[in-house]
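Once you've had a glance at the structure underneath, I'll fire off some questions.
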Number of protein chains: 2
Amino acid sequence: MGFEPMGVATDLVILTVRAGSFEVLLIRRGIAPHRGRWALPGGFVRPAEGLKAAALRELAEETGLDSDQIHLEQIATYGEPGRDPRGRVVSVAYLALVPDLPAPVAGTDAASAEWVPVAEVLADAKRLAFDHHQVLADGVERARAKLEYSPLATAFCPAEFTISELRGVYEAVWGVALDPRNFHRKATKTEGFVVPTGETTTRDGGRPAQLFRRGPATALHPPVTR
Amino acid sequence: MGFEPMGVATDLVILTVRAGSFEVLLIRRGIAPHRGRWALPGGFVRPAEGLKAAALRELAEETGLDSDQIHLEQIATYGEPGRDPRGRVVSVAYLALVPDLPAPVAGTDAASAEWVPVAEVLADAKRLAFDHHQVLADGVERARAKLEYSPLATAFCPAEFTISELRGVYEAVWGVALDPRNFHRKATKTEGFVVPTGETTTRDGGRPAQLFRRGPATALHPPVTR
DNA sequence: GCAAAAGTGTTAGAATTACACCCATGC
DNA sequence: GCATGGGTGTAATTCTAACACTTTTGC
(Lines give C-alpha, C1' and ligand atoms only; values in the text may rest on other atoms or scores of the structure.)
Protein backbone atom coordinates (compact mmCIF):
# COMPACT_ATOMS: atom_id res chain seq x y z
CA MET A 1 0.00 0.00 0.00
CA GLY A 2 1.65 3.19 -1.15
CA PHE A 3 1.69 6.45 0.70
CA GLU A 4 3.83 9.56 0.51
CA PRO A 5 6.00 9.80 3.62
CA MET A 6 6.05 13.03 5.57
CA GLY A 7 7.91 14.38 8.57
CA VAL A 8 5.98 14.20 11.83
CA ALA A 9 6.89 16.55 14.67
CA THR A 10 5.45 17.70 17.98
CA ASP A 11 5.32 21.30 19.18
CA LEU A 12 4.71 22.24 22.79
CA VAL A 13 2.72 25.11 24.25
CA ILE A 14 4.10 25.09 27.80
CA LEU A 15 2.16 27.49 30.01
CA THR A 16 2.67 28.60 33.57
CA VAL A 17 1.64 31.35 35.97
CA ARG A 18 4.57 33.13 37.63
CA ALA A 19 3.97 35.96 40.06
CA GLY A 20 0.54 36.69 38.63
CA SER A 21 1.73 36.65 35.02
CA PHE A 22 0.49 34.11 32.47
CA GLU A 23 3.56 32.98 30.52
CA VAL A 24 4.68 30.64 27.76
CA LEU A 25 8.05 28.95 27.34
CA LEU A 26 9.76 29.96 24.09
CA ILE A 27 13.11 29.00 22.65
CA ARG A 28 15.35 30.95 20.36
CA ARG A 29 16.05 28.77 17.35
CA GLY A 30 19.71 27.86 16.99
CA ILE A 31 19.38 26.29 13.55
CA ALA A 32 17.70 26.98 10.22
CA PRO A 33 14.97 27.44 9.23
CA HIS A 34 13.98 30.60 11.13
CA ARG A 35 17.35 30.66 12.86
CA GLY A 36 17.48 33.25 15.63
CA ARG A 37 13.71 33.67 15.81
CA TRP A 38 11.49 32.70 18.72
CA ALA A 39 9.51 29.49 18.48
CA LEU A 40 7.68 26.88 20.52
CA PRO A 41 9.82 23.99 21.73
CA GLY A 42 9.43 20.88 19.62
CA GLY A 43 11.08 18.31 17.45
CA PHE A 44 10.60 15.31 15.24
CA VAL A 45 8.93 12.17 16.48
CA ARG A 46 11.24 9.16 16.49
CA PRO A 47 10.41 6.06 14.49
CA ALA A 48 9.29 3.82 17.36
CA GLU A 49 8.00 6.61 19.60
CA GLY A 50 4.35 7.49 20.31
CA LEU A 51 3.17 11.06 19.80
CA LYS A 52 2.54 11.77 23.48
CA ALA A 53 5.83 10.08 24.38
CA ALA A 54 7.62 12.43 22.00
CA ALA A 55 5.92 15.42 23.61
CA LEU A 56 6.87 14.18 27.08
CA ARG A 57 10.46 13.74 25.98
CA GLU A 58 10.60 17.30 24.63
CA LEU A 59 8.99 18.59 27.79
CA ALA A 60 11.52 16.84 30.00
CA GLU A 61 14.34 18.22 27.86
CA GLU A 62 13.09 21.77 28.22
CA THR A 63 11.86 21.86 31.79
CA GLY A 64 13.28 18.82 33.58
CA LEU A 65 9.74 17.90 34.63
CA ASP A 66 8.51 14.34 34.46
CA SER A 67 5.03 13.21 33.57
CA ASP A 68 3.66 13.00 37.12
CA GLN A 69 3.88 16.69 37.77
CA ILE A 70 2.34 18.10 34.65
CA HIS A 71 -0.84 18.15 32.63
CA LEU A 72 -0.29 17.28 28.98
CA GLU A 73 -3.00 17.13 26.32
CA GLN A 74 -3.17 17.33 22.57
CA ILE A 75 -4.26 20.64 21.05
CA ALA A 76 -4.46 19.96 17.31
CA THR A 77 -2.39 19.00 14.30
CA TYR A 78 -1.06 21.49 11.78
CA GLY A 79 -0.11 20.25 8.36
CA GLU A 80 -0.60 22.78 5.58
CA PRO A 81 1.85 22.16 2.74
CA GLY A 82 4.50 24.86 2.92
CA ARG A 83 4.35 25.49 6.65
CA ASP A 84 7.93 24.21 6.94
CA PRO A 85 10.51 25.07 4.29
CA ARG A 86 12.34 21.78 4.90
CA GLY A 87 9.55 19.83 3.27
CA ARG A 88 6.23 18.36 4.16
CA VAL A 89 6.08 18.36 7.93
CA VAL A 90 2.98 17.65 9.96
CA SER A 91 3.12 18.87 13.54
CA VAL A 92 1.06 17.57 16.44
CA ALA A 93 0.78 20.33 19.04
CA TYR A 94 0.51 19.58 22.76
CA LEU A 95 -0.53 21.79 25.64
CA ALA A 96 1.42 21.49 28.90
CA LEU A 97 0.37 23.23 32.10
CA VAL A 98 3.11 23.42 34.71
CA PRO A 99 3.44 24.99 38.16
CA ASP A 100 5.85 27.87 38.74
CA LEU A 101 9.16 26.04 38.52
CA PRO A 102 11.45 26.43 41.50
CA ALA A 103 14.34 25.04 39.42
CA PRO A 104 15.62 27.13 36.52
CA VAL A 105 14.30 26.33 33.05
CA ALA A 106 17.71 25.17 31.89
CA GLY A 107 17.46 21.70 30.42
CA THR A 108 19.77 19.53 28.43
CA ASP A 109 18.84 21.51 25.34
CA ALA A 110 21.51 24.00 24.32
CA ALA A 111 19.08 26.52 22.79
CA SER A 112 18.17 29.37 25.10
CA ALA A 113 14.71 29.09 26.61
CA GLU A 114 12.73 31.88 28.22
CA TRP A 115 9.39 32.52 29.89
CA VAL A 116 7.48 35.28 28.06
CA PRO A 117 4.09 36.79 28.96
CA VAL A 118 1.40 35.28 26.75
CA ALA A 119 -0.28 38.63 26.11
CA GLU A 120 2.95 40.07 24.76
CA VAL A 121 3.48 37.20 22.34
CA LEU A 122 -0.11 37.10 21.15
CA ALA A 123 -0.08 40.85 20.51
CA ASP A 124 2.51 40.41 17.75
CA ALA A 125 1.42 37.90 15.13
CA LYS A 126 4.89 37.91 13.55
CA ARG A 127 6.88 37.17 16.69
CA LEU A 128 6.99 33.41 16.31
CA ALA A 129 8.43 31.18 13.60
CA PHE A 130 6.40 28.83 11.37
CA ASP A 131 2.67 28.87 12.20
CA HIS A 132 3.41 28.92 15.91
CA HIS A 133 1.38 32.06 16.53
CA GLN A 134 -1.75 30.13 15.57
CA VAL A 135 -0.66 27.11 17.62
CA LEU A 136 -0.11 29.29 20.68
CA ALA A 137 -3.44 31.05 20.19
CA ASP A 138 -5.24 27.72 19.97
CA GLY A 139 -3.45 26.38 23.06
CA VAL A 140 -4.20 29.48 25.11
CA GLU A 141 -7.83 29.41 24.08
CA ARG A 142 -8.04 25.75 25.10
CA ALA A 143 -6.50 26.48 28.49
CA ARG A 144 -8.84 29.42 29.09
CA ALA A 145 -11.90 27.40 28.17
CA LYS A 146 -10.92 24.39 30.26
CA LEU A 147 -10.51 26.42 33.43
CA GLU A 148 -14.24 26.96 33.39
CA TYR A 149 -15.46 23.41 33.49
CA SER A 150 -12.46 21.37 34.62
CA PRO A 151 -10.24 21.43 37.71
CA LEU A 152 -7.24 22.16 35.47
CA ALA A 153 -6.30 25.38 37.21
CA THR A 154 -4.75 23.20 39.92
CA ALA A 155 -2.18 22.07 37.34
CA PHE A 156 -0.65 25.55 37.57
CA CYS A 157 -0.36 25.31 41.36
CA PRO A 158 2.11 23.47 43.57
CA ALA A 159 0.87 20.30 45.28
CA GLU A 160 -0.51 22.36 48.18
CA PHE A 161 -2.04 25.75 47.58
CA THR A 162 -4.40 28.31 49.07
CA ILE A 163 -7.71 29.37 47.56
CA SER A 164 -6.34 32.80 46.76
CA GLU A 165 -3.40 31.25 44.92
CA LEU A 166 -5.89 29.24 42.90
CA ARG A 167 -7.87 32.40 42.25
CA GLY A 168 -4.65 34.07 41.12
CA VAL A 169 -4.33 31.43 38.41
CA TYR A 170 -7.81 32.20 37.08
CA GLU A 171 -7.15 35.92 37.18
CA ALA A 172 -3.82 35.62 35.37
CA VAL A 173 -5.07 33.23 32.69
CA TRP A 174 -8.34 35.03 32.05
CA GLY A 175 -7.01 38.52 32.63
CA VAL A 176 -9.95 39.47 34.81
CA ALA A 177 -10.52 40.19 38.51
CA LEU A 178 -12.71 37.77 40.42
CA ASP A 179 -14.54 38.40 43.68
CA PRO A 180 -12.40 36.70 46.36
CA ARG A 181 -15.38 35.89 48.55
CA ASN A 182 -17.58 34.34 45.91
CA PHE A 183 -14.60 32.50 44.43
CA HIS A 184 -13.77 31.00 47.80
CA ARG A 185 -17.26 29.64 48.14
CA LYS A 186 -17.31 28.28 44.61
CA ALA A 187 -13.95 26.52 44.89
CA THR A 188 -14.58 24.96 48.28
CA LYS A 189 -18.21 24.01 47.68
CA THR A 190 -17.77 22.47 44.23
CA GLU A 191 -17.68 18.72 44.76
CA GLY A 192 -14.20 17.23 44.37
CA PHE A 193 -12.44 20.37 43.15
CA VAL A 194 -10.15 20.86 46.16
CA VAL A 195 -9.68 19.01 49.46
CA PRO A 196 -8.33 20.67 52.61
CA THR A 197 -5.08 19.36 54.02
CA GLY A 198 -5.79 20.69 57.51
CA GLU A 199 -2.65 22.83 57.40
CA THR A 200 -2.54 26.60 57.10
CA THR A 201 -0.01 29.11 55.79
CA THR A 202 0.60 32.81 56.19
CA ARG A 203 2.73 33.11 53.05
CA ASP A 204 0.11 35.29 51.36
CA GLY A 205 0.03 37.73 54.32
CA GLY A 206 -2.95 38.54 56.51
CA ARG A 207 -5.00 35.92 58.27
CA PRO A 208 -3.67 32.35 57.85
CA ALA A 209 -5.21 30.54 54.90
CA GLN A 210 -6.11 26.88 54.70
CA LEU A 211 -4.03 24.73 52.37
CA PHE A 212 -5.71 22.50 49.80
CA ARG A 213 -4.76 19.75 47.38
CA ARG A 214 -6.32 18.92 44.03
CA GLY A 215 -9.53 16.92 44.47
CA PRO A 216 -10.70 13.84 42.55
CA ALA A 217 -13.18 15.63 40.26
CA THR A 218 -12.58 15.57 36.51
CA ALA A 219 -15.26 18.14 35.71
CA LEU A 220 -16.74 21.06 37.64
CA HIS A 221 -20.49 21.34 38.22
CA PRO A 222 -21.37 24.13 38.15
CA PRO A 223 -18.53 25.71 36.14
CA VAL A 224 -16.45 28.65 37.27
CA THR A 225 -17.65 31.67 35.29
CA ARG A 226 -15.31 34.04 33.53
CA MET B 1 17.67 18.18 8.50
CA GLY B 2 16.93 14.51 9.01
CA PHE B 3 13.64 13.05 10.07
CA GLU B 4 12.03 9.65 9.79
CA PRO B 5 9.20 9.78 7.30
CA MET B 6 5.82 8.38 8.25
CA GLY B 7 2.49 7.84 6.54
CA VAL B 8 -0.10 10.52 7.25
CA ALA B 9 -3.79 9.70 6.86
CA THR B 10 -7.15 11.21 7.76
CA ASP B 11 -10.07 9.30 9.25
CA LEU B 12 -13.60 10.65 9.29
CA VAL B 13 -16.28 10.38 11.93
CA ILE B 14 -19.32 11.34 9.84
CA LEU B 15 -22.39 11.72 12.03
CA THR B 16 -26.02 12.36 11.19
CA VAL B 17 -29.47 12.10 12.71
CA ARG B 18 -31.93 10.08 10.64
CA ALA B 19 -35.49 9.55 11.81
CA GLY B 20 -34.55 10.20 15.43
CA SER B 21 -31.53 7.90 15.36
CA PHE B 22 -27.96 9.12 15.89
CA GLU B 23 -25.83 7.37 13.27
CA VAL B 24 -22.29 7.11 11.95
CA LEU B 25 -21.15 6.31 8.43
CA LEU B 26 -19.02 3.16 8.29
CA ILE B 27 -17.41 1.38 5.38
CA ARG B 28 -16.60 -2.25 4.98
CA ARG B 29 -12.93 -2.52 4.14
CA GLY B 30 -12.28 -4.00 0.70
CA ILE B 31 -8.54 -4.31 1.13
CA ALA B 32 -6.02 -5.48 3.72
CA PRO B 33 -5.33 -4.80 6.50
CA HIS B 34 -8.56 -5.64 8.35
CA ARG B 35 -10.20 -6.67 5.07
CA GLY B 36 -13.92 -7.24 5.48
CA ARG B 37 -14.15 -5.44 8.81
CA TRP B 38 -16.01 -2.20 9.50
CA ALA B 39 -14.02 0.99 9.73
CA LEU B 40 -14.27 4.74 9.53
CA PRO B 41 -13.83 6.22 6.06
CA GLY B 42 -10.38 7.63 5.46
CA GLY B 43 -7.22 7.55 3.42
CA PHE B 44 -3.75 8.87 2.99
CA VAL B 45 -3.06 12.57 2.62
CA ARG B 46 -1.57 13.46 -0.76
CA PRO B 47 1.83 15.16 -0.98
CA ALA B 48 0.60 18.68 -1.82
CA GLU B 49 -2.72 18.45 -0.01
CA GLY B 50 -3.64 20.09 3.30
CA LEU B 51 -5.05 17.96 6.12
CA LYS B 52 -8.51 19.52 6.04
CA ALA B 53 -8.50 19.37 2.24
CA ALA B 54 -7.81 15.66 2.44
CA ALA B 55 -10.69 15.22 4.87
CA LEU B 56 -13.00 17.21 2.60
CA ARG B 57 -11.99 15.09 -0.38
CA GLU B 58 -12.74 11.89 1.52
CA LEU B 59 -16.04 13.32 2.69
CA ALA B 60 -17.06 14.25 -0.83
CA GLU B 61 -16.11 10.77 -2.05
CA GLU B 62 -18.26 9.11 0.61
CA THR B 63 -21.28 11.37 0.76
CA GLY B 64 -21.22 13.61 -2.29
CA LEU B 65 -21.46 16.63 -0.03
CA ASP B 66 -19.36 19.71 -0.62
CA SER B 67 -17.87 21.93 2.02
CA ASP B 68 -20.72 24.50 2.17
CA GLN B 69 -23.23 22.07 3.54
CA ILE B 70 -21.27 20.44 6.31
CA HIS B 71 -19.48 21.14 9.54
CA LEU B 72 -15.96 19.72 9.62
CA GLU B 73 -13.53 20.02 12.51
CA GLN B 74 -10.45 18.20 13.70
CA ILE B 75 -10.91 15.75 16.56
CA ALA B 76 -7.38 14.59 17.39
CA THR B 77 -4.42 12.75 15.94
CA TYR B 78 -3.66 9.11 16.62
CA GLY B 79 -0.15 7.86 16.11
CA GLU B 80 0.87 5.06 18.44
CA PRO B 81 3.51 2.86 16.81
CA GLY B 82 1.84 -0.38 15.80
CA ARG B 83 -1.67 1.00 15.27
CA ASP B 84 -1.38 0.13 11.56
CA PRO B 85 0.31 -3.12 10.44
CA ARG B 86 1.48 -1.48 7.19
CA GLY B 87 4.02 0.62 9.07
CA ARG B 88 4.18 3.86 10.96
CA VAL B 89 0.98 5.70 10.11
CA VAL B 90 -0.24 8.81 11.89
CA SER B 91 -3.92 9.55 11.42
CA VAL B 92 -5.59 12.92 11.81
CA ALA B 93 -9.25 12.34 12.69
CA TYR B 94 -11.98 14.76 11.60
CA LEU B 95 -15.56 15.11 12.77
CA ALA B 96 -18.21 15.82 10.15
CA LEU B 97 -21.81 16.65 11.02
CA VAL B 98 -24.20 16.30 8.13
CA PRO B 99 -27.97 16.65 7.67
CA ASP B 100 -30.09 13.63 6.83
CA LEU B 101 -29.04 13.04 3.24
CA PRO B 102 -31.85 12.98 0.71
CA ALA B 103 -29.47 11.38 -1.83
CA PRO B 104 -28.18 7.87 -1.16
CA VAL B 105 -24.78 7.52 0.47
CA ALA B 106 -23.35 5.97 -2.68
CA GLY B 107 -20.27 7.87 -3.73
CA THR B 108 -17.51 7.22 -6.19
CA ASP B 109 -15.94 4.87 -3.68
CA ALA B 110 -16.48 1.23 -4.48
CA ALA B 111 -16.43 0.03 -0.86
CA SER B 112 -19.87 -0.42 0.64
CA ALA B 113 -20.86 2.32 3.04
CA GLU B 114 -23.64 2.16 5.60
CA TRP B 115 -25.26 4.28 8.31
CA VAL B 116 -25.13 2.49 11.66
CA PRO B 117 -26.57 3.66 15.01
CA VAL B 118 -23.79 5.12 17.16
CA ALA B 119 -24.98 3.36 20.31
CA GLU B 120 -24.75 0.00 18.59
CA VAL B 121 -21.17 0.58 17.43
CA LEU B 122 -19.98 2.00 20.74
CA ALA B 123 -21.45 -0.95 22.62
CA ASP B 124 -18.99 -3.31 20.95
CA ALA B 125 -15.37 -2.22 21.38
CA LYS B 126 -14.19 -4.82 18.85
CA ARG B 127 -16.51 -3.87 16.02
CA LEU B 128 -14.18 -1.45 14.25
CA ALA B 129 -10.75 -1.93 12.68
CA PHE B 130 -7.54 -0.22 13.88
CA ASP B 131 -8.11 2.12 16.84
CA HIS B 132 -11.30 3.42 15.28
CA HIS B 133 -13.42 2.59 18.31
CA GLN B 134 -11.47 5.15 20.29
CA VAL B 135 -11.63 7.66 17.44
CA LEU B 136 -15.39 7.28 17.20
CA ALA B 137 -15.80 7.58 20.97
CA ASP B 138 -13.77 10.78 20.99
CA GLY B 139 -15.72 12.22 18.06
CA VAL B 140 -19.08 11.39 19.60
CA GLU B 141 -18.05 12.90 22.92
CA ARG B 142 -16.94 16.06 21.13
CA ALA B 143 -20.26 16.32 19.29
CA ARG B 144 -22.25 15.77 22.48
CA ALA B 145 -20.28 18.39 24.37
CA LYS B 146 -20.46 20.97 21.60
CA LEU B 147 -24.24 20.81 21.37
CA GLU B 148 -24.35 22.40 24.80
CA TYR B 149 -22.50 25.60 24.16
CA SER B 150 -22.44 25.98 20.36
CA PRO B 151 -25.16 26.21 17.71
CA LEU B 152 -23.79 23.05 16.09
CA ALA B 153 -27.02 21.11 16.34
CA THR B 154 -28.18 23.09 13.30
CA ALA B 155 -25.49 21.30 11.27
CA PHE B 156 -27.61 18.15 11.55
CA CYS B 157 -30.68 19.96 10.20
CA PRO B 158 -31.64 20.96 6.67
CA ALA B 159 -31.31 24.66 5.80
CA GLU B 160 -34.80 25.32 7.16
CA PHE B 161 -36.08 23.47 10.19
CA THR B 162 -38.63 23.65 12.98
CA ILE B 163 -37.81 23.94 16.66
CA SER B 164 -39.06 20.45 17.29
CA GLU B 165 -36.78 19.09 14.56
CA LEU B 166 -33.89 20.86 16.28
CA ARG B 167 -34.98 19.40 19.59
CA GLY B 168 -35.05 15.98 17.95
CA VAL B 169 -31.35 16.37 17.17
CA TYR B 170 -30.53 17.06 20.80
CA GLU B 171 -32.64 14.14 21.96
CA ALA B 172 -31.07 11.73 19.48
CA VAL B 173 -27.48 12.78 20.13
CA TRP B 174 -27.79 12.96 23.90
CA GLY B 175 -30.22 10.09 24.26
CA VAL B 176 -32.47 12.03 26.60
CA ALA B 177 -35.95 13.56 26.44
CA LEU B 178 -36.19 17.35 26.66
CA ASP B 179 -39.23 19.40 27.65
CA PRO B 180 -40.62 20.72 24.33
CA ARG B 181 -41.92 23.94 25.88
CA ASN B 182 -38.78 24.94 27.72
CA PHE B 183 -36.65 23.93 24.75
CA HIS B 184 -38.68 26.13 22.46
CA ARG B 185 -38.11 29.12 24.69
CA LYS B 186 -34.42 28.42 25.02
CA ALA B 187 -33.81 28.00 21.30
CA THR B 188 -35.79 31.04 20.23
CA LYS B 189 -34.63 33.35 23.05
CA THR B 190 -30.92 32.56 22.85
CA GLU B 191 -29.35 35.41 20.89
CA GLY B 192 -28.33 34.40 17.36
CA PHE B 193 -29.07 30.69 17.65
CA VAL B 194 -31.94 30.55 15.15
CA VAL B 195 -33.71 33.15 13.01
CA PRO B 196 -37.31 32.77 11.82
CA THR B 197 -37.89 32.63 8.07
CA GLY B 198 -41.51 33.76 8.38
CA GLU B 199 -42.69 30.53 6.74
CA THR B 200 -44.49 27.70 8.47
CA THR B 201 -44.85 23.98 7.85
CA THR B 202 -47.23 21.26 8.94
CA ARG B 203 -44.84 18.42 8.10
CA ASP B 204 -44.54 17.46 11.77
CA GLY B 205 -48.34 17.24 12.19
CA GLY B 206 -50.50 19.32 14.49
CA ARG B 207 -50.48 23.08 14.53
CA PRO B 208 -48.22 24.64 11.86
CA ALA B 209 -44.71 25.29 13.13
CA GLN B 210 -42.51 28.24 12.28
CA LEU B 211 -39.47 27.55 10.14
CA PHE B 212 -36.04 28.78 11.21
CA ARG B 213 -32.54 29.05 9.76
CA ARG B 214 -29.23 28.86 11.57
CA GLY B 215 -28.40 32.20 13.23
CA PRO B 216 -25.09 34.07 13.31
CA ALA B 217 -24.06 33.04 16.85
CA THR B 218 -20.90 30.99 17.28
CA ALA B 219 -21.52 30.24 20.96
CA LEU B 220 -24.67 29.90 23.04
CA HIS B 221 -25.17 31.97 26.18
CA PRO B 222 -26.54 30.45 28.29
CA PRO B 223 -25.85 26.89 27.10
CA VAL B 224 -28.47 24.23 26.41
CA THR B 225 -28.40 21.83 29.35
CA ARG B 226 -28.29 18.08 28.93
C1' DG C 1 -3.75 49.62 66.87
C1' DC C 2 -3.65 49.14 61.90
C1' DA C 3 -3.21 46.91 57.42
C1' DA C 4 -4.01 42.91 54.92
C1' DA C 5 -5.97 38.90 53.52
C1' DA C 6 -9.36 34.88 54.98
C1' DG C 7 -13.69 33.56 55.33
C1' DT C 8 -19.16 33.87 56.39
C1' DG C 9 -23.83 35.97 55.86
C1' DT C 10 -27.34 38.17 53.34
C1' DT C 11 -30.08 39.81 49.71
C1' DA C 12 -31.69 41.08 45.02
C1' DG C 13 -31.87 39.44 40.62
C1' DA C 14 -31.38 35.87 36.95
C1' DA C 15 -31.88 31.28 35.20
C1' DT C 16 -33.92 26.65 35.43
C1' DT C 17 -37.76 23.53 36.06
C1' DA C 18 -42.15 21.76 36.07
C1' DC C 19 -46.41 22.04 34.48
C1' DA C 20 -51.16 24.46 33.40
C1' DC C 21 -53.15 26.14 29.56
C1' DC C 22 -54.49 27.90 24.99
C1' DC C 23 -53.76 27.76 19.62
C1' DA C 24 -54.05 26.08 14.77
C1' DT C 25 -54.02 22.57 11.89
C1' DG C 26 -55.54 17.59 9.61
C1' DC C 27 -58.82 14.22 9.62
C1' DG D 1 -65.26 17.23 17.25
C1' DC D 2 -60.92 15.28 18.41
C1' DA D 3 -56.04 14.17 18.18
C1' DT D 4 -51.62 16.21 17.55
C1' DG D 5 -48.03 18.95 18.09
C1' DG D 6 -46.94 24.42 18.55
C1' DG D 7 -46.35 27.88 21.56
C1' DT D 8 -47.14 31.12 25.97
C1' DG D 9 -47.74 31.97 31.09
C1' DT D 10 -46.39 31.37 35.66
C1' DA D 11 -44.76 29.95 40.17
C1' DA D 12 -41.22 27.33 42.99
C1' DT D 13 -36.63 26.61 43.17
C1' DT D 14 -31.82 27.10 42.42
C1' DC D 15 -27.83 29.79 41.03
C1' DT D 16 -25.27 34.10 40.69
C1' DA D 17 -23.45 38.70 41.96
C1' DA D 18 -22.64 42.29 44.92
C1' DC D 19 -21.18 43.63 49.07
C1' DA D 20 -21.47 44.21 54.47
C1' DC D 21 -19.18 42.27 58.02
C1' DT D 22 -16.26 39.39 61.21
C1' DT D 23 -11.73 36.73 61.93
C1' DT D 24 -6.74 36.15 62.44
C1' DT D 25 -2.44 37.03 61.43
C1' DG D 26 2.22 40.46 60.87
C1' DC D 27 4.14 44.67 61.97
Side-chain angles (χ1 to χ4, degrees), chain A residues 19-20 147-149 153 157 160-172 174 176-213 215 217 219-226, chain B residues 17 19-20 147-149 153 157-158 160-172 174 176-213 215 217 219-226:
Chain A
L147 288 204
E148 292 192 32
Y149 57 87
C157 296
E160 300 196 347
F161 51 86
T162 66
I163 297 297
S164 72
E165 286 163 1
L166 184 62
R167 176 168 49 83
V169 167
Y170 278 91
E171 294 182 327
W174 285 346
V176 299
L178 299 175
D179 185 297
R181 299 152 303 184
N182 290 336
F183 182 85
H184 185 280
R185 225 186 320 253
K186 190 91 155 207
T188 54
K189 295 274 165 64
T190 299
E191 184 73 25
F193 189 8
V194 295
V195 293
T197 65
E199 305 292 308
T200 61
T201 182
T202 57
R203 66 187 179 220
D204 299 331
R207 169 176 168 180
Q210 284 183 265
L211 283 168
F212 293 83
R213 292 179 195 280
L220 304 183
H221 299 295
V224 180
T225 48
R226 219 178 284 206
Chain B
V17 174
L147 288 204
E148 292 191 32
Y149 57 87
C157 297
E160 301 196 347
F161 51 86
T162 65
I163 296 297
S164 72
E165 285 162 2
L166 183 63
R167 176 167 48 84
V169 167
Y170 279 90
E171 295 182 325
W174 285 347
V176 298
L178 299 175
D179 185 298
R181 298 152 303 181
N182 291 336
F183 182 85
H184 185 280
R185 223 185 322 249
K186 188 92 157 208
T188 53
K189 296 271 164 68
T190 299
E191 185 72 24
F193 190 8
V194 296
V195 293
T197 65
E199 304 292 307
T200 61
T201 180
T202 57
R203 65 187 177 217
D204 300 330
R207 169 177 166 179
Q210 284 182 267
L211 283 168
F212 293 82
R213 294 181 195 278
L220 303 182
H221 298 295
V224 180
T225 47
R226 221 179 283 207

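Lettering follows sequence order; numbering is per chain, from 1.
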> Hey, does B/Arg203 reach any base, or is it just sugar-phosphate, or nothing, if we go heavy atoms under 4.0 Å?
Replying inline: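 Contact class for B/Arg203: none.
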
> Between atom CG in B/Asn182 and atom P in D/dG9, what is the gap in whole Å?
Replying inline: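 Result: 14 Å.
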
> B/Pro180 near the nucleic acid: base, sugar-phosphate alone, or nothing, with a heavy-atom cut-off under 4.0 Å?
Replying inline: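 Result for B/Pro180 = nothing.
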
> For B/Thr225, which contact category applies under a 4.0 Å heavy-atom criterion: base, sugar-phosphate, or nothing?
Replying inline: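 Touches sugar-phosphate only.
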
> Under the 3.5 Å rule, do the base of C/dG9 and the side chain of A/Arg181 count as making a donor-acceptor pair?
Replying inline: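 Under the 3.5 Å cut-off, the side chain and the base do not form any donor-acceptor pair.
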
> Rounded to the nearest Å, what distance is computed from the CG atom of residue A/Asp179 to the P atom of nucleotide D/dC15?
Replying inline: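 It is 19 Å, rounded to the nearest whole Å.
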
>> Does C/dG7 have its OP1 or OP2 closer than 4.0 Å to a side-chain nitrogen or oxygen of A/Gln210?
In response: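 Result: yes.
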
> Considering only side-chain heavy atoms of B/Ser164, which listed nucleotide, C/dT16, C/dA6, D/dG6, is closest?
Replying inline: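 Selected nucleotide (nearest to the side chain): D/dG6.
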
> Between A/Phe183 (CZ) and C/dA5 (P), how many Å, whole number?
Replying inline: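 Atom CZ in A/Phe183 sits about 16 Å away from atom P in C/dA5.
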
>> Is A/His184 close enough to C/dA6 that one of its side-chain N or O atoms is under 4.0 Å from OP1 or OP2 there?
In response: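 A/His184 to C/dA6 OP1/OP2: no side-chain N or O under 4.0 Å.
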
> What residues form a side-chain contact (heavy atoms from CB on, under 4.5 Å) with A/Arg185, not counting sequence neighbours?
Replying inline: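 side-chain contact (heavy atoms from CB on, under 4.5 Å) list for A/Arg185, sorted by chain: A/Asn182, A/Lys189.
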
> Taking side chain as C-beta onward, heavy atoms only, is A/His221 less than 4.5 Å from A/Glu191?
Replying inline: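 No, side chains not in contact.
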
> Within this structure, what is the NZ-to-C1' distance between A/Lys186 and D/dT14, rounded to whole angstrom?
Replying inline: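 That distance rounds to 12 Å.
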
> Atom CD1 of A/Ile163 to atom C1' of C/dT8: distance rounded to whole Å?
Replying inline: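 From A/Ile163 CD1 to C/dT8 C1': 14 Å.
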
> Can a donor-acceptor pair under 3.5 Å be found between the side-chain atoms of A/Asp204 and the base atoms of C/dA6?
Replying inline: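 By the distance-only test, no, there is no pair.
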
> Given A/Phe212, which of A/Ile163, A/Thr162, A/Val195, A/Leu166 fulfils the side chain to side chain contact (heavy atoms under 4.5 Å, CB included) condition?
Replying inline: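 The single option meeting the side chain to side chain contact (heavy atoms under 4.5 Å, CB included) with A/Phe212 is A/Ile163.
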
>> Just the rounded figure in Å: distance from C1' of C/dA5 to CG of A/Leu166.
In response: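 Checked: the CG to C1' distance equals 16 Å.
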
> Starting at CD of B/Glu171 and ending at C1' of D/dG5, how long is that distance when rounded to a whole Å?
Replying inline: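 Value for this atom pair: 13 Å.
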
Contact list (N/O, under 3.5 angstrom) for nucleotides 23-27 of chain D vs protein:
from: D/dT23; atom 1: O2; to: A/Arg207; atom 2: NH1; distance (Å): 3.0
from: D/dT24; atom 1: O2; to: A/Arg207; atom 2: N; distance (Å): 3.3

> Any N or O donor-acceptor pair linking the side chain of B/Arg185 to the base of D/dG9 at under 3.5 Å?
Replying inline: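 Side chain to base: pair present.
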
>> Could you check whether any side-chain heavy atom of B/Val224 comes within less than 4.5 Å of a side-chain heavy atom of B/Arg167, counting everything from C-beta outward?
In response: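 Not in contact.
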
> For B/Glu199 and C/dT25, what is the distance between atoms CD and C1' respectively, to the nearest whole Å?
Replying inline: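 Whole-Å distance recorded here is 17 Å.
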
